[in-house]
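Read the structure below first, then the notes.
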Protein chains: 2
Amino acid sequence: MADLARELGVSMTTISRALSDHHSIGPVTKQAVLKLAKKLNYQPNHLAAALRKGRSKMLGVMVPYIEGRFFASVVHGIETAASRAGYSIIICQSSEDVAQERRNIETLLSAQVAGILVSVSRTTLDFRHFEKVRKHGVPLVFFDRVLEGENINSVVLNDQKGAYLATRHLLAQGCRRIAHLAGPQHLNIYKNRRFGYLEALESYNLQPDDSLIVECDMSVDGGQAATAQLLALPTPPDAVFSAGDSAALGALQLLKSRGVRVPEDVALVGFSNEALTLVAEPNITSVDQRCEEMGQATFRLFTELVEAGSTTLTQRQVVLQPQLFERASSLHLSPK
Amino acid sequence: MADLARELGVSMTTISRALSDHHSIGPVTKQAVLKLAKKLNYQPNHLAAALRKGRSKMLGVMVPYIEGRFFASVVHGIETAASRAGYSIIICQSSEDVAQERRNIETLLSAQVAGILVSVSRTTLDFRHFEKVRKHGVPLVFFDRVLEGENINSVVLNDQKGAYLATRHLLAQGCRRIAHLAGPQHLNIYKNRRFGYLEALESYNLQPDDSLIVECDMSVDGGQAATAQLLALPTPPDAVFSAGDSAALGALQLLKSRGVRVPEDVALVGFSNEALTLVAEPNITSVDQRCEEMGQATFRLFTELVEAGSTTLTQRQVVLQPQLFERASSLHLSPK
DNA sequence: TTGTAAGCGTTATCAT
DNA sequence: ATGATAACGCTTACAA
């Protein structure tokens, strides 16, 4: 920048203003500066600008892990929206580890990010590190895995409604003994999915049967084991609603291996609408989580917070509506 | 930092040194500084440090898109290795668009990243924006999708060898009419996979049969169509080696729908070792691309460049060895 | 072992 | 419409 100033015989102030399109700058001067900048291929130093201005155009995004369709898609959504608005994103993984999560928060704060978007790790039980973020006046938005508490800005899927839709669908197909493969109940998403399941049963005036609700780790193996347990019941279920697709796959595998027909004997619905639902045979009905919309919405919520300024300490919740994709694993059941 | 200095009655130099563990600092002073820093919860400003030092601990990573198992896994590998070494990563997507790629490079340079790791977009034909990176003295490493040219540091998979292993495996299982679902031949990865296929045939003194090589877009539908074409041949193949897993899945679906048994009538091998290979029935034999190792290797190559200093303008190539995972789709064939 | 002071590349304030 | 100058928070010669 000093070079430009010397070359053109003007002050650095003028250069700075011309480059940042300040209103009070001569159009002639401006053009001259821009031209010379191109010629000398001037490279702006965002670090210096950020240091001076006290805020950068960097956004911290933390997820438990970046692999896996869900988070990769959400991050894609965030990055796309962010880059359109001139933000770059710094990505961090907590690897489901609170300690790592804390370290990442430190790193992001040190990097003077303009905001932090986070999906918390499974092992997160205390939230002081997030308090710190607020103390620093850095906008904080949670997505998918959110914190219970006050003054939380978050974007979540309406998991309960998704589960409700899934279960209602099974009920509409004539199923009456619907089992639920539940996920770890300390995670809100899984708890809400169980609520949605119960809500749907209730809407049909059905009593929930505790023996039909099996908690598992949502892995393929977990789904198999849980399903084996269900088949061993005196009266086995006529449908299974799994809170995750992998466990649904496990269920499908086990049912097939036992000669149980899907959907004729047992109908099956999963959750997440992963790619595997279209690979399995039969294809698995599942609830879509609107990953990309979640990313976009998360970024949008961040910008809203920025515009609102740190003065207003509002709490905003964006709730996305899930969508059920009906497939062969739960369709065309013979009426009972 | 000034606060700490005032509070302890020492200079900022001492503070700085204590915090960065400088050698010539009294252990007593150091402890005192660290303790007070904790108490006042001092937050270092990496931007300022980076500005002063001229180099940051940020790494730019650019991929065509972050969704999709392959790039997500590579990024995971990079991030994990990088964060262990104290680097944060800024992620960018080119969306397969050169213009976006150029903009991203500008952004990353402006952010004063310590290095740039990139997998180029499909539409990249001129490389001036990468030249610029070198002019700025910023280490540049390509992975997977690399640039042809001199002085290129890159990490790639040995695709040809992967295809060779896959085809040799089919040959060892007794197959002799092995078809190949080839990908778009302007991409070097698919070209190399075809070469590997041909090389394996040659190693068994088999003449390649052009009617057995079908180019398709590597989608599920593409794989189905290509396989239908193969089955219509006067002498259909006894095995299919697909350059991608999705197309392999398409092939499997079509074969099953036609009553062709896999692997008994037609054996099947894919490429990429995607999750779907373990969901399909039978599980599909596939070539693993070592995504995570690629990420690690890419980061390691970056650190080597840093250590070597900008003085040495070496060209380094890391070639990862693919690994064949043999599964039911190509195993236990009855001898012919 | 510790302190002084300059400077990294910007931008904001105040003056002209 | 433009310029001089200070400052953002940190590191590092150089000096003590």
Side-chain angles (χ1 to χ4, degrees), chain A residues 1-34 36-37 40-58 86 88 106-114 135-138, chain B residues 1-34 36-37 40-58 86 88 106-114 135-138:
Chain A
M1 244 173 75
D3 297 354
L4 300 189
R6 204 178 328 103
E7 193 97 2
L8 287 173
V10 297
S11 76
M12 273 180 47
T13 309
T14 306
I15 303 295
S16 172
R17 285 179 176 148
L19 290 171
S20 50
D21 208 25
H22 192 272
H23 65 275
S24 72
I25 198 76
V28 209
T29 335
K30 194 173 116 182
Q31 284 312 315
V33 171
L34 290 177
L36 188 65
L40 301 190
N41 63 81
Y42 158 76
Q43 192 74 38
N45 184 330
H46 287 168
L47 252 52
L51 175 60
R52 178 59 236 249
K53 294 204 275 200
R55 68 207 138 82
S56 74
K57 279 287 206 170
M58 298 275 183
S88 298
E106 292 293 324
T107 308
L108 292 175
L109 288 177
S110 291
Q112 311 295 119
V113 292
K135 281 225 184 67
H136 281 255
V138 173
Chain B
M1 245 174 73
D3 296 353
L4 301 190
R6 201 175 335 100
E7 192 97 0
L8 287 174
V10 299
S11 76
M12 273 181 48
T13 312
T14 306
I15 304 294
S16 171
R17 284 181 177 143
L19 291 171
S20 50
D21 208 25
H22 192 273
H23 65 274
S24 72
I25 199 74
V28 207
T29 334
K30 194 172 115 183
Q31 284 313 316
V33 171
L34 291 177
L36 188 64
L40 300 190
N41 65 80
Y42 158 76
Q43 193 73 37
N45 184 329
H46 288 167
L47 253 51
L51 177 60
R52 174 62 232 252
K53 294 204 274 200
R55 68 207 138 80
S56 75
K57 279 289 208 170
M58 298 275 184
S88 298
E106 292 294 324
T107 308
L108 292 175
L109 288 177
S110 291
Q112 313 295 117
V113 291
K135 280 222 185 68
H136 280 256
V138 174

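Within every chain, numbering begins at 1; the chains are lettered A, B, ... in the order of the sequence lines, protein sequences first and strands thereafter.
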For [X] versus [Y], what's the shortest heavy-atom pair and its separation?
X       : Y        : result
B/Ser88 : A/Thr107 : OG-CG2, 3.3 Å
B/Leu34 : B/Ala18  : CD2-O, 4.3 Å
B/Leu47 : A/Ala111 : CD1-O, 3.3 Å

Distance in Å, [X] [atom1] paired with [Y] [atom2], rounded so as to fall on 0.5 Å steps:
X        : Y        : atom1 : atom2 : answer
A/Leu108 : B/His46  : CG    : NE2   : 10.5 Å
B/Leu19  : B/His22  : CG    : NE2   : 13.0 Å
A/Gln43  : B/Ser110 : CD    : OG    : 4.5 Å
B/Leu36  : B/Ile15  : CG    : CD1   : 7.5 Å
A/Thr13  : A/Met1   : OG1   : CE    : 8.0 Å

> Which parts of nucleotides 3-10 of chain D does protein reach within less than 4.0 Å, heavy atoms only, written one letter per nucleotide 5' to 3' as B for base, S for sugar-phosphate only and - for none?
Replying inline: BBBBBBBB

> Could you give the start and end, 5' to 3', of the contact zone on DNA chain C for chain A, using atoms under 4.0 Å from its heavy atoms?
Replying inline: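 The contacted stretch runs from C/dG9 to C/dC14.
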
> Are any side-chain N or O atoms of B/Ser56 and backbone N or O atoms of B/Gln112, one a donor and one an acceptor, separated by less than 3.5 Å?
Replying inline: yes

> Do the side chain of A/Ser16 and the main chain of A/Met12 share a donor and acceptor less than 3.5 angstrom apart?
Replying inline: no

> Listed in order of residue number, which residues of residues 24-33 of chain B have a non-hydrogen atom at under 4.0 Å from DNA chain C?
Replying inline: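 The stretch gives B/Ser24, B/Ile25, B/Gly26, B/Thr29 as the residues lying under 4.0 Å from the strand, ordered by number.
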
> Using rotation axes that map the C1' atoms of four end pairs onto the next four (five pairs an end), what angle separates the end axes of the helix from C/dT1-D/dA16 to C/dT16-D/dA1, to 10°?
Replying inline: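 Result, rounded to 10 degrees: 30°.
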
> By side chain to side chain donor-acceptor pair (under 3.5 Å), which residues pair with B/Asp21, not counting sequence neighbours?
Replying inline: B/Lys30

> Taking atom P of D/dT2 as reference, at what distance in whole Å does atom NE2 of A/His23 sit?
Replying inline: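 Taking NE2 of A/His23 and P of D/dT2, I get 12 Å after rounding.
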
>> Under the side chain to side chain donor-acceptor pair (under 3.5 Å) definition, can you give me all pairs with a residue in residues 1-12 of chain B, not counting sequence neighbours?
In response: B/Asp3-B/Arg6, B/Ser11-B/Thr14

